[in-house]
Amino acid sequence: MEYRLNKYISGSGYCSRREADQLIEDGQVTINGKRATIGMRVLPGQTVKVRGEVIKNKIEPVYIAFNKPVGVVSTTDTQERNNIVDFISHEQRIFPIGRLDKDSQGLILLTNDGDIVNKILRVGNNHKKEYIVRVNKPVTKDFLTRMAQGVPILDRVTRRCEIKEINPYTF
């Protein structure tokens, strides 16, 4: 199987794709002893070295469906004490696809496959998202109508959406 060089390096766990691009740009990466350039591809049997160190990538794609509990933060930032990556403690370098707020619980996907992340999260793909929201006051018809038209948050207005009342406190 053929890989883009930056993906091959990041898939080995050596660094992120962006960091791999910088290493390639800085001339610190070789393929079969020749200086690599951005966009190169790695074929089976080729030797990739970063700063003289041989990089091996025999990592298969990992996809994890995880029921995130309240209190866990959907981040790879190790400075965050309750980050999702440390919570799961997978042996490979994984990251969440999207995020759920710290106070939210529910399904979140994690992977080591950056390509699928881009396909899922790219705004132009218009993937639908569904949430069940519980509130501490009864939901009114007026509230549901206003929510469906978009809500101002941090100087932006959310997109219009479909809303169904489940019970007086859940929609």
Side-chain angles (χ1 to χ4, degrees), residues 1 3-26 28-29 36 38-39 42 48 50-51 53 55-137 139 147-148 150-164 166 169-171:
M1 182 171 218
Y3 290 96
R4 285 188 316 275
L5 180 56
N6 64 351
K7 183 174 181 177
Y8 182 88
I9 294 168
S10 71
S12 74
Y14 188 88
C15 62
S16 72
R17 277 198 215 184
R18 280 192 186 143
E19 292 166 329
D21 283 336
Q22 190 61 56
L23 290 166
I24 296 164
E25 208 169 278
D26 292 345
Q28 309 227 12
V29 179
I38 298 287
V42 179
V48 175
V50 176
R51 297 179 177 144
E53 178 184 340
I55 301 297
K56 299 237 185 251
N57 183 344
K58 295 182 180 175
I59 297 173
E60 291 295 317
V62 171
Y63 306 100
I64 299 170
F66 177 61
N67 185 14
K68 186 193 88 61
V70 170
V72 172
V73 182
S74 302
T75 184
T76 58
D77 182 0
T78 55
Q79 298 299 312
E80 170 58 53
R81 193 169 52 93
N82 296 319
N83 74 73
I84 196 168
V85 174
D86 287 347
F87 187 87
I88 291 176
S89 189
H90 195 275
E91 70 264 8
Q92 292 185 29
R93 186 175 165 270
I94 57 170
F95 42 91
I97 302 175
R99 66 180 190 84
L100 287 174
D101 292 336
K102 184 176 186 175
D103 295 331
S104 298
Q105 72 176 51
L107 175 68
I108 189 163
L109 303 175
L110 295 100
T111 186
N112 63 352
D113 181 356
D115 289 336
I116 196 167
V117 173
N118 293 330
K119 289 174 185 170
I120 290 172
L121 296 182
R122 188 171 293 126
V123 173
N125 290 339
N126 292 320
H127 293 294
K128 288 186 175 186
K129 298 176 183 177
E130 185 173 316
Y131 303 91
I132 296 176
V133 180
R134 287 187 202 98
V135 291
N136 61 357
K137 297 178 183 172
V139 174
M147 285 292 291
V151 179
I153 299 176
L154 301 174
D155 299 327
R156 298 180 76 188
V157 177
T158 61
R159 290 198 290 191
R160 293 176 177 262
C161 61
E162 297 174 28
I163 296 182
K164 288 193 299 189
I166 296 172
Y169 292 89
T170 309
F171 62 94

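The basis for the numbers below is simple: all heavy atoms, side chains too, and nothing from hydrogens, waters or symmetry mates. Throughout, residue positions are numbered sequentially from 1 according to the sequence presented.
Shortest non-hydrogen contact noted between A20 and C15 is N-SG, 3.6 Å. In terms of heavy-atom proximity, I9 sits nearest to V50 at CD1-CG2, 4.0 Å. Among all heavy-atom pairs drawn from N83 and E80, the shortest one is ND2-O, 3.0 Å. In plain terms, the two heavy atoms of R93 and S10 that are nearest each other are NH1-O, 4.3 Å. For the residue pair A36 and L5, the shortest heavy atom distance occurs at CB-CD2, 3.4 Å. D77 and T75 make their closest contact through N-OG1, 3.0 Å (heavy atoms, listed as atom of the first residue, atom of the second, distance).
Once rounded to the nearest 0.5 Å, the distance linking CG of L23 with CD1 of I38 reads 9.5 Å. Distance check, rounded to the nearest 0.5 Å: CG of L109 to CZ of F66 gives 12.0 Å. Here OH of Y169 is found 10.5 Å from NZ of K137. Values are rounded to the nearest 0.5 Å. We find the CD1-CG distance between I88 and D86 to be 10.0 Å, quoted to the nearest 0.5 Å. To the nearest 0.5 angstrom, Q105 atom CD is 9.5 Å from L100 atom CG. Rounded to the nearest 0.5 Å, atoms CD1 (I108) and OG (S74) are 3.5 Å apart.
Under the side-chain hydrogen bond (donor to acceptor under 3.5 Å, both in side chains) criterion, D101 pairs with R99, not counting sequence neighbours. For Y14, there are no ring pair (Phe, Tyr, Trp, His ring centres under 6.0 Å) partners, not counting sequence neighbours.
When L110, V62, N112, V85 are each tested for a side chain to side chain contact (heavy atoms under 4.5 Å, CB included) with H90, only one passes: V62.
Shown here is I132, whose CD1 atom has no more than 12 heavy atoms of other residues, nucleotides or ligands within 6.0 Å.
The side-chain heavy atoms of N6 and S16, taken from C-beta on, include no pair separated by under 4.5 Å. Taking 4.5 Å as the limit, some side-chain heavy atom of P69 sits within range of a side-chain heavy atom of F87.
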